[in-house]
Amino acid sequence: MTSDNRIGPPKFGSERDMLRAFLDYHRATLAMKCEGLCDEELRRQSMPPSTLSLLGLVRHMAEVERAWFRRVFEDNDAPMVWSDKVDFQAAYDASASTRVEAFGAWQAEVENSRRIEREAESLDLAGYQPRWGEEVSLRMVMVHVLLEYGRHNGHADFLREGVDGTVGA
């Protein structure tokens, strides 16, 4: 990693501003963990039997963004990016993937998620979570996705350290 250009979340603000800022901070963290690596390094797996790689995490987070924003608030039947079933594990197999493919899909889903959040009148916007068969609020979705990024950014620290010996922020 060459530099930390992330914008930190504000110390004060509305609930929505805080959730939005923390999500963007964690999205930027994942991108930073992948900075400066070639496709081969991004595909490097942790250790058998795990298939986890930085590129797999990026692909997985594209699926998470799609499943929790697009499928909940716009199209309950939207297909997953890398699976013809709702299989989040399929995204982890980045053996034939490239930075361009994975980051393109992830960035498109992030932009769609941001648009959905911006257009919502409030955090109480209800959407239908097809996997659970029940409604959830935008607030719940934003918190859930934020927690997903937090967990996977911890994995990204470990994976990046395995590639070049750096320890993340």
Honestly curious: do [X] and [Y] fall in one hydrophobic cluster under the side-chain, below-4.5 Å linking rule?
| X | Y | value |
| --- | --- | --- |
| Leu57 | Trp82 | no |
| Val81 | Val58 | no |
| Leu147 | Val72 | yes |

Mutual orientation of the aromatic rings belonging to [X] and [Y] [parallel < 30°, tilted 30-60°, perpendicular > 60°]:
| X | Y | answer |
| --- | --- | --- |
| Trp132 | His144 | perpendicular |
| Tyr92 | His60 | parallel |
| Trp106 | Phe103 | perpendicular |

Can you name the closest pair of heavy atoms from [X] and [Y] and give their distance?
| X | Y | answer |
| --- | --- | --- |
| Ala21 | Pro10 | CB-CD, 3.4 Å |
| Ala91 | Arg59 | O-NE, 2.8 Å |
| Tyr149 | Leu23 | CD1-CD2, 4.0 Å |

In the structure I gave you, are the side-chain heavy atoms of [X] and [Y] within less than 4.5 Å of one another anywhere?
| X | Y | result |
| --- | --- | --- |
| Glu148 | His26 | no |
| Asp84 | Met80 | no |
| Arg27 | Met61 | no |
| Ile7 | Tyr25 | no |
| Gln45 | Leu52 | no |
| Arg44 | Ser53 | no |

Taking [X] for its side chain and [Y] for its backbone only, find out whether a donor-acceptor pair lies under 3.5 Å.
| X | Y | value |
| --- | --- | --- |
| Glu41 | Cys38 | yes |
| Arg66 | Glu109 | no |
| Arg99 | Leu37 | yes |

Does [X] pair with [Y] as a salt bridge, N-O distance under 4.0 Å?
| X | Y | answer |
| --- | --- | --- |
| Asp75 | Arg70 | no |
| Arg114 | Glu117 | no |
| Arg115 | Glu74 | yes |

Please check if atom CD in Glu40 has more than 12 non-hydrogen atoms from other residues, nucleotides or ligands closer than 6.0 Å.
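Open.
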
Walk me through it: do Val141 and Phe73 pass the test side-chain contact (heavy atoms from CB on, under 4.5 Å)?
CA-CA 10 Å; Val141 167; Phe73 296 108; 3.9 Å; yes

Taking it one step at a time, do Ser97 and Arg43 satisfy side-chain hydrogen bond (donor to acceptor under 3.5 Å, both in side chains)?
CA-CA 8 Å; Ser97 186; Arg43 285 191 295 262; over 6 Å; no

Would you please test Leu123 and Met142 for side-chain contact (heavy atoms from CB on, under 4.5 Å) and show each step?
CA-CA 9 Å; Leu123 293 174; Met142 290 179 77; 3.7 Å; yes

If I take atom [atom1] from residue [X] and atom [atom2] from residue [Y], how far apart are they, to the nearest 0.5 angstrom?
| X | Y | atom1 | atom2 | value |
| --- | --- | --- | --- | --- |
| Asp24 | Thr29 | CG | OG1 | 10.5 Å |
| Asp4 | Met32 | CG | CE | 4.5 Å |
| Phe69 | Asn112 | CZ | CG | 9.5 Å |
| Glu63 | Arg71 | CD | CZ | 9.5 Å |
| Thr98 | Leu42 | OG1 | CG | 9.5 Å |
| Leu125 | Glu119 | CG | CD | 10.5 Å |

Stepwise side-chain contact (heavy atoms from CB on, under 4.5 Å) test for Val143 and Leu19:
CA-CA 7 Å; Val143 168; Leu19 287 171; 3.8 Å; yes

Assess whether side-chain contact (heavy atoms from CB on, under 4.5 Å) is satisfied between Arg20 and Asp17, documenting all intermediate values.
CA-CA 5 Å; Arg20 182 184 294 147; Asp17 288 343; 3.6 Å; yes

